[in-house]
Amino acid sequence: MGKVNVLVVGGAGYIGSHMVKELIEAGFDVTTLDNLSTGHRQSVTGGTFVHGDLSDQKLLDKIFSDKPVDAVMHFAAYSLVGDSVKNPIAYYRYNFNGTLSLVEAMLRNGIRRFIFSSTAAVYGEPETVPIPETHPCAPDNPYGAGKLAVERLISDCDSAYGLKYMSLRYFNAAGADASGQIGERHERETHLIPLVLQTALGRRPQIDIFGTDYGTPDGTCLRDYVHVTDLASAHLLALSSLMEGSESNIYNLGNSKGYSVREVIDLCREITGEPIPEREVERRAGDPAILVADSGKVRRELGWQPRYENLENIVESAWRWHQHQP
Ligand code: UFG
């Protein structure tokens with residue numbers, strides 16, 4: 001058998017680019033499709049790059065007929081919870097319709113292995129913490145609702161057409177590749193850790209804390225931060241499992257430990273040695289108080305073992321990256 005060929009849709013983005021790098025290092029043949037709306041061409045460190053959109057059926061047909069694709073990993077999505085509340089149409093169009101277009105083209109071309117970037121935002125405010133995959137899904141925002149709708153779509157496509165998928169529900173992706181070559185690079189940054197580190201570098205006057213009256217020990221939201229390279233390693237395991245003929249499945253990806261916004265800021269102060277001014281402001285719409293994964297299932301069934309289990313290592317890797325950004 002030749003090399004396994006993987007199409008990475010959204011491979012120029014933050015998580016996608018780390019995936020491309022891991023796939024290449026693991027010996028896969030990789031094609032990246034990205035419209036570069038939020039991704040960066042320089043972040044794609046190898047393989048074949050195709051500039052285009054996942055709604056372009058002709059382009060997808062061409063990619064799928066140029067060489068046989070064994071599996072598709074789909075990272076391309078708008079991913080800002082707050083934005084999705086303000087602009088649901090754009091989110092449903094890009095995240096749901098876009099995936100529908102991709103899956104339609106895959107099935108037309110006989111490709112039936114799919115790894116989907118889902119999210120902890122499908123759960124909404126949890127009834128139990130840590131959250132297992134069996135927890136009811138009641139998303140608090142259009143972003144989570146759109147991702148959940150895709151999970152339903154691909155499940156129906158499994159029943160009807162035998163699409164085999166792995167839906168990976170990421171908790172809060174953070175950190176940067178150990179090489180320092182790629183990291184989290186958003187033109188408009190909204191995520192907590194990069195914003196705190198940019199504040200440490202003096203590029204922002206202060207970090208805003210969105211809400212201090214949540215029902216959590218210090219009143220700020222708790223999140224489960226997971227290293228981007230560990231997300232990529234989970235995808236490799238999911239891919240092997242699909243290649244071996246496993247059934248479709250859904251897995252949480254997180255470290256099963258929650259850190260509050262204040263704890264994250266304090267840890268960043270320790271690591272950077274900078275004072276990092278803060279300001280308390282109103283809650284941001286669409287934010288659940290707590291999102292912490294029960295990730296026992298992926299550890300048991302796929303043997304996932306994150307390398308960066310504690311937040312200190314995650315922040316250190318992000319700090320190394322941010323210090324070298326212009
Ligand atoms: N926060 C602040 N100040 C900021 C930015 C964020 O207080 O300037 C808070 C948020 O309110 C939240 C926490 O920090 O409580 C984390 O916020 P992020 O924006 O970093 O991440 P989210 O939890 O909103 O969302 C991320 C991804 C989503 C994914 C979700 C799953 O962006 O795609 O994690 O947990 F769905």
Side-chain angles (χ1 to χ4, degrees), residues 10 13-16 38 75-86 91 94-95 116-126 129-131 135 137 139-148 150-151 167-175 184 186 188-200 203-216 218-228 231 252-268 276-295 311 314-315 318:
Y14 170 42
I15 305 173
T38 54
F75 296 88
Y78 294 148
S79 60
L80 304 179
V81 168
D83 277 7
S84 79
V85 175
K86 293 184 194 140
Y91 270 71
Y94 194 62
N95 293 1
F116 175 60
S117 300
S118 189
T119 172
V122 298
Y123 294 114
E125 199 64 66
V129 179
I131 309 170
H135 189 283
C137 289
D140 276 342
N141 50 65
Y143 170 69
K147 290 279 183 174
L148 186 61
V150 169
E151 287 197 354
S167 187
L168 303 180
R169 294 177 174 166
Y170 313 157
F171 283 64
N172 286 55
E184 188 164 9
H186 296 117
R188 185 170 67 88
E189 191 51 77
T190 64
H191 291 103
L192 181 64
I193 292 176
L195 287 176
V196 176
L197 296 178
Q198 289 172 3
T199 310
R203 295 180 187 153
R204 296 177 184 270
Q206 77 271 315
I207 181 72
D208 285 342
I209 300 178
F210 295 146
T212 53
D213 58 350
Y214 285 97
T216 57
D218 69 15
T220 67
C221 291
L222 294 182
R223 291 290 180 274
D224 181 344
Y225 296 89
V226 53
H227 198 280
V228 62
L231 292 181
N252 283 340
L253 296 180
N255 281 313
S256 305
K257 184 162 173 12
Y259 291 89
S260 74
V261 173
R262 287 191 197 284
E263 285 174 324
V264 170
I265 298 172
D266 283 340
L267 182 64
C268 290
I276 312 184
E278 63 180 49
R279 180 173 70 172
E280 295 180 5
V281 299
E282 287 302 297
R283 290 181 176 199
R284 183 174 67 178
D287 279 342
I290 304 177
L291 284 174
V292 178
D294 176 339
S295 56
L311 187 61
I314 296 176
V315 171

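Here, residue 1 is the first one in the sequence, and each next residue gets the next number. We count ligands from 1, going down the list as the structure has it; atoms in each ligand are counted the same way.
Formation of a donor-acceptor pair under 3.5 Å by the Tyr14 side chain with backbone atoms of Ala174 is found in this model. In terms of modelled atom types and a separation under 3.5 Å, the side chain of Asn172 and the main chain of Tyr225 share no donor-acceptor contact. Within the 3.5 Å criterion, the main-chain N or O of Ser260 finds a donor-acceptor partner in the side chain of Glu263. With hydrogens and angles ignored, the 3.5 Å screen pairs no side-chain donor or acceptor of Glu280 with any backbone N or O of Asp208.
Below 4.0 Å from some heavy atom of Ala121 lie the following atoms of ligand 1, by number and element: 36 (F). Taking every non-hydrogen atom of Ile209 and a distance limit under 4.0 Å, the qualifying atoms of ligand 1 come out as 7 (O). The Leu291 neighbourhood of ligand 1 comprises atoms 35 (O), with distances under 4.0 Å to a heavy atom of that residue. Counting atoms of ligand 1 from 1 in the listed order, those under 4.0 Å from a heavy atom of Thr190 are 5 (C), 19 (O). Applying the 4.0 Å criterion to heavy atoms of Ile207 picks out, from ligand 1, the atoms 8 (O).
Of the protein's non-hydrogen atoms, the one nearest atom 3 (N) of ligand 1 is Asp208 O, 2.7 Å. The protein atom (non-hydrogen) at minimum distance from atom 20 (O) of ligand 1 is Leu192 N, 2.8 Å. Protein heavy atom nearest atom 25 (O) of ligand 1, with residue, atom name and distance: Asn172 ND2, 3.9 Å. Nearest protein heavy-atom neighbour of atom 7 (O) of ligand 1: Phe210 N, 2.9 Å. The protein non-hydrogen atom at the shortest distance from atom 17 (O) of ligand 1 is Arg284 NH2, 3.4 Å. In terms of protein heavy atoms, atom 11 (O) of ligand 1 is closest to Asp287 OD2, 2.6 Å. Atom 32 (O) of ligand 1 has His191 NE2, 2.7 Å as its closest protein atom, hydrogens excluded (heavy atom only).
Residue-to-ligand polar distances keep Thr119 apart from ligand 1: every N/O pair is separated by 3.5 Å or more. For a threshold of 3.5 Å applied to N or O pairs, the pair formed by Cys221 and ligand 1 contains no separation below that value. For the pair Tyr143 and ligand 1, the shortest N or O to N or O distance falls below 3.5 Å. Between Leu195 and ligand 1, not a single N/O pair is under 3.5 Å apart.
Minimum heavy-atom separation, Gly258 to Val292: CA-CG2, 3.5 Å. Between Lys147 and Ala77, the closest heavy-atom pair is NZ-CB, 3.6 Å. Scanning both residues, Ala121 and Pro139, for their nearest heavy atoms gives O-CB, 3.4 Å.
If you check the side chains of Asp224 and Tyr170, you find no donor sitting under 3.5 Å from an acceptor. Defined by atom type and a distance below 3.5 Å, a donor-acceptor pair is missing between the side-chain atoms of Tyr214 and Thr220. Side-chain N/O atoms of Ser295 and Asn252 include no donor and acceptor closer than 3.5 Å.
Interatomic distance, Leu253 CG to His227 NE2, rounded to the nearest 0.5 Å: 14.0 Å.
When Val281, Val264, Val261 are ranked by how near their heavy atoms come to atom 9 (C) of ligand 1, first place goes to Val261.
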